[in-house]
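In what follows, a single structure is set out as C-alpha cells and then discussed.
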Protein chains: 2
Amino acid sequence: MEKRFGQSNIHYRDLDLIPLAVDCIIFGFNNNALELLLVHRNIEPKKGKWSLMGGFIKKEEGLHDAAHRILFQLTGLNNIYMEQVETFGDVDRDPGGRVVSVAYYALILKEEYNEKLVEEYNASWFSLNELPEMIFDHKTMVEKALKRLQQKIKTGPIGFNLLPEKFTLPQLQSLYEVILGETLDKRNFRKKLFELDILEKLDEKDYSSSKKGAFLYRFNKEKYKSTPVFKM
Amino acid sequence: MEKRFGQSNIHYRDLDLIPLAVDCIIFGFNNNALELLLVHRNIEPKKGKWSLMGGFIKKEEGLHDAAHRILFQLTGLNNIYMEQVETFGDVDRDPGGRVVSVAYYALILKEEYNEKLVEEYNASWFSLNELPEMIFDHKTMVEKALKRLQQKIKTGPIGFNLLPEKFTLPQLQSLYEVILGETLDKRNFRKKLFELDILEKLDEKDYSSSKKGAFLYRFNKEKYKSTPVFKM
DNA sequence: TCAAAAGTGTTGCTGCTACACCCATGC
DNA sequence: GCATGGGTGTAGCAGCAACACTTTTGA
C-alpha cells in the first residue's frame with residue numbers, strides 16, 4: 001500500500017493508530033442552577049463512577065457530527081448548540097488504554113430531553129457545585145468547558161439556548177449569574193440588554209415565581225442578525 | 001480481545017481507527033511583520049503547494065509532546081511556547097484520506113531556528129498578509145490560530161516569546177500592532193505597560209532603527225509571577 | 001540644519017458601577 | 001396589610017482615547 005497521508009511522507013503502514021473519542025459536557029439550566037448531565041458506569045473499571053457521555057468517532061463522520069450523534073444518543077435531541085472545547089491526549093489519561101478525546105459542550109433545554117434514554121444510560125443531572133467524582137480527566141474537561149462558556153456568553157447570544165423560547169428577565173439574569181459565578185446588578189443588566197435591542201417583549205407574563213408576574217421575552221434572531229453585536 | 005475503552009461499551013475490534021495528526025502554525029516576528037513558517041510540498045498530490053508543518057501522533061506520546069516534536073523537527077527548537085488551537089476533523093478535509101488534525105500554534109524567535117533543517121524541509125517564511133495558497137484547511141487553521149493569539153496576547157505576557165530577551169518599546173508596540181491588526185497610541189501603550197510593572201529597563205540602547213537609540217527592556221518573570229495580572 | 005525616530009502628560013468623554021424606592025398581587 | 005419578587009433612573013467615578021511637542025543624533 002503506497003497511500004500517503006497529508007503533507008507527510010509517512011506511509012499508512014507506519015502509522016500509529018489511536019482511538020479517537022468525543023466527550024460531551026451537557027449543560028442544562030434549572031432551579032436557578034447550572035447543571036450537568038452525567039452517565040453512571042455500570043461496568044468495570046471505575047464501576048459506580050460518573051463520567052461524561054462519550055463515544056468513538058466513526059470513519060465516515062466529522063467531529064461535529066460525532067458530537068451531535070453522541071448527544072442525540074443520550075438525550076434524543078437534535079440541532080443543539082455545541083462547541084468544541086479542547087482535545088485531550090495525555091498518554092495515560094485513560095488507564096484502560098490510549099484514547100484521545102475531543103471535548104464538546106452542549107447547551108440543552110432540560111424540559112426537552114428524552115427521559116427514557118437518559119434512564120437507559122443511568123444518567124443523572126448534577127448541579128455544577130455538587131459534582132460527584134468523575135473518571136479520568138473529565139473534571140478538567142468540565143472546568144475548561146465552563147471557562148469557554150463564560151467567555152462565549154459574554155460575547156454572543158448563546159445563553160438563550162438554555163432557556164425556553166419565552167423567558168423572563170429575572171430568569172435570564174439568573175442564568176448569567178450562575179454561569180459567571182457572580183451576582184449582577186438588576187438595573188445594569190437590563191439596561192445593557194435593552195441597548196442591544198435583540199429582545200421582543202411579549203404581552204404575556206409568567207407567574208410561576210412571583211405574584212406580580214414577570215413579563216415574558218423572546219430572543220429575536222432577525223434583529224440580532226441585522227446588527228450582530230453582543231456584549232454583556 | 002475483550003478490552004474495553006473509556007466509558008463506552010465498544011470493544012476494540014469495533015473501533016474505527018482514524019489517523020491523528022498535529023499541524024503547527026509557527027509564528028515569527030521580523031521587520032515589523034508577523035510571519036509564518038510554511039513547508040513546500042515536493043511530492044504529489046498538491047506538489048508545489050504550501051502547507052503547515054505537520055506529522056502524525058505516536059502511540060506513546062501526548063498531544064503536546066507531538067506538537068513539540070514536530071516543531072523541533074523543522075526548527076531545532078525546544079521549550080517553545082505552544083498552544084492548542086482547535087481540532088479539525090471534517091471527513092473530506094484531506095482528499096488523500098481521512099485524517100483528523102490537532103492544530104497548535106507556536107511563537108518562536110526568527111533568529112534562533114536551525115536554518116539547515118528549514119532548508120531540508122523546503123520551508124520558507126511568509127508575511128501574514130502575503131500568504132500563498134495552502135493545502136486542505138490550513139488557511140482556516142491559520143485564521144483560527146491568529147484569533148486565539150490576538151485574544152491571548154491581550155490577557156497574558158506571551159508576546160515576549162516573539163522578541164529577543166532584550167527589546168525596545170517601539171519593537172514591542174509594533175509587535176502588538178501587527179498581531180492585533182491596528183495601530184496603537186504610543187503614549188497610551190507605554191502607560192499601560194509601565195503600570196503593569198513587569199518590565200526591567202536596562203542601561204543599554206538599541207541604535208539599529210534610529211539615531212537617537214531606544215532603551216532596551218527585559219521582561220521580568222518574577223515580577224509578573226508575584227502579581228500575575230496582565231491586560232493590554 | 002534637517003530628517004527620523006524616541007520619549008513624555010494632560011484633558012475630556014464614555015461607559016461602568018453603585019444605589020433606593022414603588023408596584024402588583026396572593027395570602 | 002404585609003411579604004415577595006418585578007420593575008425603573010441617576011449621579012459619580014475610573015479608565016480609556018485623543019492629542020503635540022521636545023530630544024537626540026547621523027548625515
Side-chain angles (χ1 to χ4, degrees), chain A residues 29-33 150-151 153-155 159 163-164 166-178 180-218 227 229-232, chain B residues 29-33 150-151 153-155 163-164 166-178 180-219 227 229-232:
Chain A
F29 179 64
N30 200 20
N31 286 119
N32 294 341
Q150 289 173 340
Q151 273 184 29
I153 207 179
K154 286 188 202 168
T155 55
L163 293 174
K166 303 174 180 180
F167 53 85
T168 68
L169 292 187
Q171 269 182 296
L172 185 62
Q173 181 175 345
S174 162
L175 174 64
Y176 270 80
E177 289 181 335
V178 296
L180 298 177
E182 56 185 346
T183 60
L184 301 172
D185 182 275
K186 205 185 350 176
R187 281 179 282 194
N188 295 336
F189 182 80
R190 293 160 105 100
K191 201 190 315 165
K192 269 198 226 172
L193 264 174
F194 292 143
E195 278 166 7
L196 289 175
D197 190 33
I198 53 175
L199 294 187
E200 209 177 316
K201 186 174 185 175
L202 306 178
D203 281 333
E204 309 168 59
K205 277 189 164 188
D206 169 74
Y207 294 95
S208 64
S209 70
S210 81
K211 294 149 188 172
K212 183 179 177 182
F215 277 104
L216 286 164
Y217 289 78
R218 187 192 286 144
T227 42
V229 258
F230 191 99
K231 184 85 205 308
M232 287 298 295
Chain B
F29 179 65
N30 200 20
N31 286 118
N32 294 341
Q150 289 173 340
Q151 274 183 30
I153 207 178
K154 286 188 201 168
T155 55
L163 294 174
K166 302 173 180 181
F167 53 86
T168 67
L169 291 187
Q171 270 181 296
L172 185 62
Q173 180 175 346
S174 162
L175 174 65
Y176 270 81
E177 288 181 334
V178 297
L180 297 177
E182 56 185 346
T183 60
L184 301 172
D185 182 273
K186 206 188 341 178
R187 282 178 281 195
N188 294 336
F189 182 80
R190 293 161 105 99
K191 201 189 315 165
K192 269 198 227 173
L193 264 174
F194 292 143
E195 278 166 6
L196 289 175
D197 190 32
I198 53 175
L199 294 188
E200 209 178 317
K201 186 175 185 175
L202 306 177
D203 282 334
E204 309 169 58
K205 276 189 165 187
D206 170 75
Y207 294 94
S208 65
S209 70
S210 81
K211 293 148 189 172
K212 183 179 177 184
F215 276 104
L216 286 164
Y217 289 78
R218 188 192 284 145
F219 171 53
T227 43
V229 259
F230 191 98
K231 185 82 204 309
M232 287 298 293

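Only heavy atoms go into these numbers, but all of them, side chains included; no hydrogens, no water, no symmetry mates. So that the names make sense, note that chain A is the first sequence line, chain B the second, and so on, each numbered from 1.
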In whole angstroms, the gap separating P of C/dA6 from NZ of B/K201 amounts to 13 Å
Q) Does any N or O donor sit under 3.5 Å from an N or O acceptor when you compare the side chain of B/K211 with the base of D/dT23? A) no
Atom CZ of A/F215 and atom P of C/dA24 are separated, to the nearest Å, by 10 Å
Subject >> A/K201 NZ/CZ over A/F215 ring centroid, <6.0 Å and within 45° of normal >> reply: yes
Between B/K186 and B/E195, whichever has its closest DNA chain D nucleotide further toward 5' is B/E195
The nucleotide from D/dG6, C/dG7, C/dC19 with an atom nearest the side chain of A/R190 is D/dG6
Separation of D/dC16 atom P from B/M232 atom CE, nearest Å, is 11 Å
**Message:** With a 6.0 Å cut-off on the ring centroids, do B/F167 and B/Y217 count as close?
**Reply:** no
Are the side chains of A/R187 and A/F189 in contact, using a 4.5 Å heavy-atom criterion? no
When rounded to whole Å, the NZ to P distance for the pair A/K205 and D/dG6 reads 10 Å
In whole angstroms, the gap separating C1' of D/dC16 from CG of B/L184 amounts to 13 Å
Closest of C/dT8, C/dA5, D/dG6 to the A/S209 side chain is D/dG6
Check your understanding: In terms of side-chain heavy atoms, does A/T168 have a donor or acceptor partner in A/D206 at a distance below 3.5 Å?
Key -> no
Here the distance between atom P of D/dG5 and atom CD of A/Q171, to the nearest Å, is 15 Å
* Which is true for B/K192 with a 4.0 Å heavy-atom rule: it touches a base, it touches only sugar-phosphate, or it touches nothing? -> nothing
Review point. Are B/F194 and B/R190 side-chain neighbours, meaning at least one heavy-atom pair lies under 4.5 Å?
Key: yes
Q | Any N/O donor-acceptor pair, B/R187 side-chain to C/dA6 base, under 3.5 Å | A | no
Between A/F194 and B/N188, whichever has its closest DNA chain D nucleotide further toward 5' is A/F194
(request) Remember a base hit wins even if backbone is also touched, and classify B/Y207 as base, sugar-phosphate or nothing at under 4.0 Å, heavy atoms. (result) nothing
Rounded to whole Å, the CG-C1' distance (B/D185 to D/dG15) equals 14 Å
Rounded to whole Å, the CD-P distance (B/E204 to C/dA6) equals 17 Å
The nucleotide from D/dT24, C/dT8, D/dG7 with an atom nearest the side chain of B/K212 is D/dT24
